[in-house]
Enquirer: 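Quick one: the structure is below, questions incoming.
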Amino acid sequence: MVENGETNTPAHVAMIMDGNGRWAEKQGKARKFGHQEGMEAVRRVTIRASERGIKVLTLYAFSTENWKRPPQEVHFLMQLPIRFFDRFVPELQEKNVRVNMIGFEEKVPSSTRKAIQKAMDQTKDNDGMILNFAFNYGSRAEIVRATQSLCERALNGEINISEINEEMIEQHLMTESITPFQDVDLLIRSSGEQRLSNFLLWQNAYSEFYFSDLLWPDFDGDILDEALSCYTNRQRRYGAV
Ligand code: FPP
């Protein structure tokens, strides 16, 4: 784990943005309105997180399990990165935020992939917070892929099986791209649900959890601040006394 300087600010905050559908249903609207509004919450939280000195903000925007949703909802969710970056890249630039993505790109439509890649290219020189979208991401599949790569390297004689250690596994996870902040310090989930949902299982090994009853579209910088101040009072012992 890497501490965030002298302050007790978490270096890596990860968020499960839950409750868009319920938010929309509560207003008698279609689920997509919840996702649309959820995008505004992403903007608010990103700005506040970058102002608070967080190094990496990872957002669970689409899971490998989300393909089970109705096709029109999947289609809408696939369009969201295009809309988001179209509107917000200038603001991300202003805040010195760098965009990154983890997830299985293969199944993502090429127009969405292109929009994400363009945002990554446009912000590549920014050295402030990393806004890391987990898009078509699933942790078990990530670990399977890492295991396959390591087995392949062992079969090719590049490494010995006995050499495989935690560091080597981390180098084969998707979060290798956010080194040295792979470990999550603070995991936040909205909407009152309290589970991990196949999100960063390895990386959350020692994270602190914060659950909010607010539905994601109602989430804002002040709730993030509440979570951060709660984190400040936690004692992290990493198995020691
Ligand atoms: C979970 O709520 C939310 C998602 C699966 C999508 C997350 C997407 C956003 C927050 C929009 C921003 C995305 C980008 C890429 C900028 P849910 O639909 O499961 O809600 P429910 O549990 O109330 O049904």
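Along the sequence shown, residues carry numbers from 1. Reckoned from all heavy atoms, side chains included, excluding hydrogens, waters and symmetry mates. Just follow the structure's listing: the first ligand is 1, and inside any ligand the first atom is 1.
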Enquirer: Looking only at protein heavy atoms, which one is nearest to atom 12 (C) of ligand 1, and how far off is it?
Expert: Val42 CG2, 3.7 Å
Enquirer: Please write down residue, atom name and distance for the protein heavy atom closest to atom 3 (C) of ligand 1.
Expert: Met17 O, 3.1 Å
Enquirer: Using side-chain hydrogen bond (donor to acceptor under 3.5 Å, both in side chains), reason through Ser197 and Arg189 one step at a time and then give a plain yes or no.
Expert: CA-CA 10 Å; Ser197 301; Arg189 182 169 190 150; 2.8 Å; yes
Enquirer: For ligand 1, find out whether one of its N or O atoms is nearer than 3.5 Å to an N or O atom of Tyr60.
Expert: no
Enquirer: Do you know the tightest heavy-atom contact between Asn126 and Leu92?
Expert: ND2-O, 4.0 Å
Enquirer: Among Thr58, Asp183, Asp185, find the one that has a side chain to side chain donor-acceptor pair (under 3.5 Å) with His12.
Expert: Thr58
Enquirer: Provide, to 0.1 Å, the distance between atom 13 (C) of ligand 1 and the closest protein heavy atom, together with that atom's residue and name.
Expert: Leu80 CD1, 3.9 Å
Enquirer: Before you tell me yes or no, could you show the steps for Phe133 and Phe85 under ring pair (Phe, Tyr, Trp, His ring centres under 6.0 Å), namely the whole-Å CA-CA distance, both residues' side-chain angles and the distance that decides it to 0.1 Å?
Expert: CA-CA 12 Å; Phe133 279 100; Phe85 294 126; 5.6 Å; yes
Enquirer: Would you say the ring centroid of Phe62 lies under 6.0 angstrom from that of Trp67?
Expert: yes
Enquirer: Is the closest basic N to carboxylate O distance between Arg87 and Glu40 below 4.0 Å?
Expert: yes
Enquirer: Indicate yes or no: does Glu73 engage Lys32 in a salt bridge with an N to O separation below 4.0 Å.
Expert: no
Enquirer: Heavy-atom contacts with Trp216 under 4.0 Å: which atoms of ligand 1 show up? List them by number with element.
Expert: 10 (C)
Enquirer: Can you confirm whether more than 12 heavy atoms, excluding those of Gln27, are under 6.0 Å from its CD atom?
Expert: yes
Enquirer: Within ligand 1, which atoms have a heavy atom of Arg31 less than 4.0 Å away?
Expert: 17 (P), 18 (O), 24 (O)
Enquirer: State plainly whether the residues Arg98 and Asp125 are in salt-bridge range, i.e. N to O under 4.0 Å.
Expert: no
Enquirer: Among all protein heavy atoms, pick out the one at the shortest distance from atom 9 (C) of ligand 1; state its residue, atom name and that distance to 0.1 Å.
Expert: Asn20 ND2, 3.5 Å
Enquirer: Find all atoms of ligand 1 within a distance of less than 4.0 Å from any non-hydrogen atom belonging to Arg22, and give their numbers and elements.
Expert: 21 (P), 22 (O), 23 (O)
Enquirer: List ligand 1 atoms under 4.0 Å from Leu77, heavy atoms only on the residue side.
Expert: 6 (C)
Enquirer: Measure the distance from atom 19 (O) of ligand 1 to every protein heavy atom, then report the residue, atom name and distance (to 0.1 Å) of the closest one.
Expert: Arg69 NH2, 2.7 Å
Enquirer: May I ask you to identify the nearest protein heavy atom to atom 7 (C) of ligand 1, giving residue, atom name and distance to one decimal place in Å?
Expert: Ala61 O, 3.6 Å
Enquirer: Using a strict 4.0 Å cut-off to heavy atoms of Phe84, name the atoms of ligand 1 that fall inside it.
Expert: 16 (C)
Enquirer: Is Glu193 close enough to touch ligand 1? Criterion: a residue heavy atom under 4.0 Å from a ligand atom.
Expert: no
Enquirer: Of all the non-hydrogen atoms in the protein, which one sits nearest to atom 5 (C) of ligand 1, and at what distance?
Expert: Asn66 OD1, 3.6 Å
